Protein chains: 2
Amino acid sequence: MKDNKVIHELITNGHLKYIPHISVDCVILGYHANQLNVLLNKWKDVEVWSLPGGYVERNESVDTAAHRVLWERTGVDKLFLQQFYTFGDPDRINMNRRLNRLPVLFQEGGKELHNWMAERFISIGYYALVEYSKVSPRPDHLSVESRWWDIHDLPALIFDHDRIISHALHAVRLQLKYQPVGLSLLPEKFTLPELQKLYETILSRKLDRRNFQKKMLSLGILRRLPERKTIGPHRSPFLYSFDKRKYNQALKEGYGFA
Amino acid sequence: MKDNKVIHELITNGHLKYIPHISVDCVILGYHANQLNVLLNKWKDVEVWSLPGGYVERNESVDTAAHRVLWERTGVDKLFLQQFYTFGDPDRINMNRRLNRLPVLFQEGGKELHNWMAERFISIGYYALVEYSKVSPRPDHLSVESRWWDIHDLPALIFDHDRIISHALHAVRLQLKYQPVGLSLLPEKFTLPELQKLYETILSRKLDRRNFQKKMLSLGILRRLPERKTIGPHRSPFLYSFDKRKYNQALKEGYGFA
DNA sequence: TTAACATTGTGTACAGTGAACACAATAATT
DNA sequence: AATTATTGTGTTCACTGTACACAATGTTAA
């Protein structure tokens with residue numbers, strides 16, 4: 001198989017290309033059907049899933065590495081990608097060891113292997129918010145499958161990846177308080193009820209429709225379009241789009257704090 | 001010299017003990033005379049200063065490494081130490097290159113050296129708040145001097161350490177909004193005006209005395225003592241101490257967000 | 001002894017924000 | 001034209017933060 005050759009090359013010579021002991025893990029959040037999803041990869045030979053991650057090239061910025069991983073796993077680029085925490089416990093690799101046998105990385109013919117990829121890694125966590133429909137999940141060489149999972153109904157995860165995900169969710173909820181969210185999660189034109197459902201999904205709680213509208217409009221990052229959206233036997237809501245200049249300004253400066 | 005022997009050992013064999021390419025930098029903030037200070041080390045042979053930092057042992061948690069650095073440089077332990085960002089630009093090492101000659105790490109007899117310590121480092125930033133008087137700054141083996149600097153009047157700093165410091169200051173100010181600050185910066189007993197001056201110093205702006213008192217007391221982390229402090233020809237303010245249980249609870253849970 | 005002064009302790013008034021709630025407008029169906 | 005579900009807009013109220021007033025107090029100077 002071609003993949004196996006790539007893996008072998010990575011295991012034997014990867015340490016020349018990449019910085020050892022450092023990895024980047026991306027919590028890629030997609031929004032669909034009022035549900036918040038995380039993109040996960042299934043490992044080749046064991047029943048565990050993991051966050052899309054990667055290594056940092058010897059002369060590459062960590063931010064760039066995170067963007068590269070995102071691009072390689074989703075085909076999406078130029079996205080809001082936020083570093084949120086660095087996980088540096090030496091035991092993190094053993095945390096969720098419910099595996100009955102070791103992944104290919106760590107063994108060969110039943111014998112435990114020692115290569116640079118099986119050693120301790122300090123992982124820098126990033127989260128991204130992507131439009132679900134624009135993403136075509138692609139597994140990496142170590143994985144057989146890549147797909148979305150409901151963030152509240154996750155499969156068995158490797159290492160401390162469950163902890164990384166909750167950390168990321170916490171960071172996203174915090175962001176919601178003082179920075180805009182939605183540009184990369186909604187289509188170009190959207191209604192206020194649609195935006196509200198996104199917020200409710202991220203926060204896992206209901207918001208008051210009227211207060212939400214007032215608040216969002218007062219932020220000044222939305223532009224009401226002359227069109228409305230037909231949604232059935234009810235009043236048609238206005239369509240809105242983000243004022244990208246003001247959106248990015250709010251993203252940079254925040255609006256929760258004086 | 002003994003130091004030179006230690007340095008030589010570190011340069012030649014350090015990579016066996018420590019994880020390469022990873023460092024920890026601590027922004028240690030001390031408060032004194034209504035001034036916020038940062039602890040800096042002066043490098044041995046060049047006119048630059050740097051943050052106290054260190055490396056992560058092969059089987060050591062990153063958090064532990066940060067605590068160890070703090071302990072080694074200040075003699076203080078069991079402190080509130082907060083990871084705030086990881087700096088991973090490959091060029092960060094060259095950012096403030098106003099050096100006319102390279103530090104000893106990077107050269108020997110005029111020739112540029114290539115050892116593990118002179119390579120690229122990804123640095124995990126921590127900040128700590130310490131009581132100024134309890135600290136006895138101790139230079140590490142690479143430094144000749146260790147002392148406090150006014151955070152608003154810093155000397156020439158190596159690498160991107162100026163950027164790390166502003167990041168840290170930003171993080172501390174954010175913490176002030178939703179977590180208590182002061183337990184490690186003030187003596188056991190203190191007055192409300194003293195606490196207020198600490199807040200004003202961190203935020204670099206004046207606060208209203210009356211509103212500040214109301215706010216602080218409403219948080220429920222202070223205990224008024226029966227004593228007062230004599231401060232001169234004026235009314236004597238009450239002394240307070242932190243209710244450590246409630247303080248730590250507020251530190252954990254925060255109070256700015258519901 | 002007492003007046004002056006700087007500083008602290010406590011209280012009040014007002015504006016702005018978020019939360020709870022009321023009602024009219026509207027788009028399709030009956 | 002009536003029905004129904006949903007949206008757009010407005011009102012009320014409690015709470016928080018901000019601005020400001022005044023009395024209490026510890027020392028110094030007259």
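Please read all numbers here as calculations on a predicted model, not as lab measurements. Order of the sequence lines sets the chain letters (A, B, ...), proteins ahead of strands, with each chain counted from 1.
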Task: Touch class at under 4.0 angstrom, heavy-atom based, for B/K215 against every strand present - done: sugar-phosphate
Task: For atom CG of A/L225 and atom C1' of D/dT7, their distance in whole Å - done: 16 Å
Open item on the list: Measuring from the side chain of B/P233 (C-beta onward, heavy atoms only), which nucleotide among D/dT28, C/dT7, C/dA20 has the closest atom?
Closed with: D/dT28
- [ ] Could you check how far OH of A/Y178 sits from C1' of C/dT17, rounded to whole Å?
- [x] 20 Å
Task: Within the 6.0 Å centroid threshold, strictly below: B/F190 and B/F242 - done: yes
- [ ] State whether the distance check finds a donor on one side and an acceptor on the other, under 3.5 Å, for side chain A/K214 versus base D/dT7.
- [x] no
Task: Gap between atoms CG and C1', on B/D208 and D/dC20 respectively (whole Å) - done: 8 Å
Task: d(CZ, A/F212; C1', C/dC21) in whole Å - done: 19 Å
- [ ] Select from A/P237 and B/R210 the residue whose nearest nucleotide in DNA chain D is closer to the 5' end of that strand.
- [x] A/P237
Open item on the list: Mind checking if A/T191 touches a base, just sugar-phosphate, or nothing, with heavy atoms under 4.0 Å?
Closed with: nothing
- [ ] Please find out if less than 6.0 Å separates the ring center of B/F84 from that of B/Y126.
- [x] no
Task: Minimum-distance nucleotide to A/Q213 side chain [options: D/dG8, D/dT7, C/dA6] - done: D/dG8
TODO: Compute the ring centroids of B/Y31 and B/Y132, then answer whether they are less than 6.0 Å apart.
DONE: no
Open item on the list: What is the separation between atom CZ on B/F238 and atom P on D/dT25, rounded to the nearest whole Å?
Closed with: 9 Å
- [ ] Figure out the NZ/P separation between A/K197 and D/dT6, and round it to whole Å.
- [x] 9 Å
Task: Integer-rounded Å distance: D/dA5 P and A/I231 CD1 - done: 13 Å
TODO: Please tell me which of A/N211 and A/R235 maps to the more 5' nucleotide of DNA chain D, matching each residue to the nucleotide holding its nearest heavy atom.
DONE: A/R235
Task: Atom-pair distance (CG on A/L217; P on D/dG10), nearest Å - done: 12 Å
Task: Phosphate OP1/OP2 of C/dA20: any A/R209 side-chain N/O under 4.0 Å - done: no
Open item on the list: Under a 4.0 Å threshold between the charged nitrogen and the carboxylate oxygen, would B/E188 count as salt-bridged to B/K244?
Closed with: yes
Open item on the list: Which is more 5' along DNA chain C, the nucleotide nearest B/Y240 or the one nearest A/T230? Just name the residue.
Closed with: B/Y240
Task: Nucleotide nearest B/H234 when distance is taken to its side chain, options C/dT10, D/dG26, D/dG8 - done: D/dG26
- [ ] Kindly say whether A/L192 contributes a backbone atom to a donor-acceptor pair with the side chain of A/Q213 at under 3.5 angstrom?
- [x] no
